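Step one of this worksheet: look at the structure below.
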Protein chains: 2
Amino acid sequence: MATMSDQTRDQTRDQTSDDVRDPDLVAVQEGPEAASELTRPAGLDRDKILQAAVDFIDEEGLAALTMRRLGSTLGVEAMALYRYVPGREDLLDGVVDRVVETLWDDEDGDDVYIGDHSGWQDYLVRLAHGMRRIALAHPAVFPLVASRPPAAPWVRPPLRSLRLVESFLGTLHDGGFPDQAAVAAYRAYSSFLLGHLLLEVTQIGAQVSLLDQPEGDPQAQKETDFAEYPNLARTEPLLGQDKSAAEFEESLENLLDRLDRLLHEAKNSGGDVGDL
Amino acid sequence: MATMSDQTRDQTRDQTSDDVRDPDLVAVQEGPEAASELTRPAGLDRDKILQAAVDFIDEEGLAALTMRRLGSTLGVEAMALYRYVPGREDLLDGVVDRVVETLWDDEDGDDVYIGDHSGWQDYLVRLAHGMRRIALAHPAVFPLVASRPPAAPWVRPPLRSLRLVESFLGTLHDGGFPDQAAVAAYRAYSSFLLGHLLLEVTQIGAQVSLLDQPEGDPQAQKETDFAEYPNLARTEPLLGQDKSAAEFEESLENLLDRLDRLLHEAKNSGGDVGDL
DNA sequence: AGGATGGCGTTTACGCCGTAAACGAGCGGG
DNA sequence: CCCGCTCGTTTACGGCGTAAACGCCATCCT
């Protein structure tokens with residue numbers, strides 16, 4: 001597994017060979033905010049609560065997050081949170097928003113910052129890597145990003161942030177996509193990103209839960225399974241292998257090719273694309 | 001390549017305006033099991049409980065499902081369920097399994113039954129439509145299929161059922177895929193299916209929740225949004241449009257083309273595919 | 001026949017949950 | 001000085017998942 005020590009520099013989209021480093025794994029640096037936190041929480045605010053919730057989910061999992069426990073990590077009773085957050089559900093929405101917003105915050109050189117870009121393909125690649133970085137940084141939070149209803153009911157997830165959808169559509173529009181094609185591209189892109197990243201973080205979760213469940217005689221279990229499932233048995237080592245980064249690049253590239261085709265078809269037919 | 005030529009034949013179910021019929025929308029018929037149920041539950045068993053849970057989630061949503069409420073729909077106290085189900089989490093796993101197993105049950109003509117097929121492309125198309133039918137029949141259950149950890153930790157979701165993965169790998173193996181390529185295909189296929197269907201059912205959920213939230217002055221809300229988000233404003237009618245079926249076919253076809261390419265590359269290099 | 005047995009649903013109870021409501025403690029401005 | 005405001009606490013309630021004890025009743029052995 002490539003935990004990678006090295007940064008990315010050029011990051012042109014041609015990485016599919018087999019010893020792929022995984023630049024999306026580099027951590028997002030925390031804000032230099034550590035003053036005197038152990039001594040005193042120094043007063044609550046909504047942002048502090050949301051950050052604490054993100055951290056909590058990362059460490060303990062979504063199921064373990066309760067208002068009381070979250071409060072206690074902040075040195076406060078549960079009810080104190082309700083002055084800043086309407087309730088648990090809204091808190092989760094806030095967590096999603098906060099995590100997605102980091103797309104704009106941590107520019108971190110040249111990879112993730114999506115405000116400035118050269119061309120829609122560059123934009124889509126940056127956005128994809130930005131989202132993937134978020135997913136890998138917060139694997140337990142990401143399913144929330146995918147499953148919460150969108151902010152506006154008529155916009156489809158998983159991007160959820162109106163700001164993000166707006167920037168997406170605007171970029172494609174500027175790139176020459178007629179509206180119809182831009183929307184089709186948005187959906188194809190969303191579903192690709194959602195599917196790949198959800199699969200990837202779920203795998204991470206499964207690996208983790210594998211570690212803390214080494215219970216009674218898994219050998220017998222294995223053998224019975226394998227008897228019924230010869231193909232599974234034969235490919236088990238391959239199934240366990242992690243080539244997520246390479247597969248991600250491959251699929252992303254393929255999608256971009258597809259969108260490129262879509263763009264040219266739309267242009268040639270004068271923007272009158274009836275179907276996808 | 002273009003494997004969708006045969007398709008379905010009749011299926012008049014025309015619902016999404018334009019031109020696209022959506023055969024996956026036809027309901028799966030319930031078993032002819034309705035004897036005297038209102039008079040007496042006639043005794044619990046695990047299957048009855050799981051079916052009741054599926055129905056409950058379909059009608060009330062996952063969040064509303066509690067042991068007490070589920071019990072009461074069966075005319076029974078909550079604790080009675082524990083004789084057949086170890087706990088709530090296991091019940092949810094059971095729900096997922098039961099729903100996925102219907103892939104084999106309801107053959108229903110020629111579209112969904114995946115045991116018998118002619119070639120791997122046919123199989124993948126049938127499987128995709130089968131899964132989509134399940135997703136559309138149980139939109140509130142499907143996110144569960146996607147987010148539960150897999151049955152074996154080293155197999156990645158969303159298919160989750162070992163039986164299904166086994167049949168997938170076996171079919172591709174028979175179709176000439178070397179193991180490495182079959183596994184790559186499994187992952188690409190899984191992530192496509194997961195992404196598309198999750199997006200689609202989430203949209204259904206959003207539409208539903210739109211209906212029961214017609215609250216205070218949405219007009220003002222709209223205008224403020226639109227001021228900040230011109231591209232969203234312009235494309236709103238397009239974003240709301242439902243072309244899921246067409247987009248599904250398009251993406252599926254594209255994926256099959258990609259897998260076909262993968263197969264031939266793998267064959268030409270003698271099964272020695274280093275990367276995807 | 002009659003008592004033991006064991007399957008199955010109920011009752012009771014416990015601790016944790018989200019959160020409504022009332023309650024102070026501290027503080028800055030008239 | 002004390003009013004009123006901000007902000008965290010206390011108390012309380014109903015619902016949750018579920019452990020444990022408790023009937024009830026059909027069946028079976030003798």
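Residue numbering restarts at 1 for every chain, and letters A, B, ... go by the order of the sequence lines. Note that this is a predicted model, so its numbers are computed, not measured. Quick note: numbers below take in every heavy atom, side chains included, and nothing from hydrogens, waters or symmetry partners.
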Point to revise | A:R69/A:E60 salt bridge by N-O under 4.0 Å criterion | key: no

**Study point:** Charged N-O contact under 4.0 Å between B:R68 and B:E77
**Key:** no

Between atom [atom1] in [X] and atom [atom2] in [N], what is the gap in whole Å?
X     : N      : atom1 : atom2 : answer
A:R68 : C:dT19 : CZ    : C1'   : 9 Å
A:L81 : C:dG18 : CG    : P     : 10 Å
A:R46 : D:dT6  : CZ    : C1'   : 19 Å
B:M79 : D:dG15 : CE    : C1'   : 15 Å
A:M67 : D:dT9  : CE    : C1'   : 15 Å
B:Y82 : C:dG9  : OH    : P     : 15 Å
A:L70 : C:dC16 : CG    : P     : 18 Å
A:L91 : C:dG18 : CG    : P     : 10 Å

Revision key, fill the gap. When A:R88 and B:E77 are each assigned the nearest nucleotide of DNA chain C, the 5'-most assignment goes to B:E77

Exercise for review: On DNA chain C, check which nucleotide each of A:P86 and B:Y84 is closest to and give me the residue with the more 5' one.
Suggested key: B:Y84

Exercise for review: Would you confirm whether the ring centroid of A:F192 sits within less than 6.0 angstrom of the ring centroid of B:F192?
Suggested key: no

Point to revise | Distance-only donor-acceptor check, side chains A:D55 and A:Q51, under 3.5 Å | key: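 Yes, because at least one side-chain N or O of A:D55 sits under 3.5 Å from a partner of the opposite role on A:Q51.
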
Practice item. Could you work out which one of C:dG9, C:dT19, D:dC16 sits closest to the side chain of A:A78? Key: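 Comparing C:dG9, C:dT19, D:dC16 against the side chain of A:A78, the answer is C:dT19.
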
Check your understanding: If only side-chain N and O atoms of A:R69 are considered, is one of them under 4.0 Å from the OP1 or OP2 phosphate oxygen of C:dC17?
Key -> yes

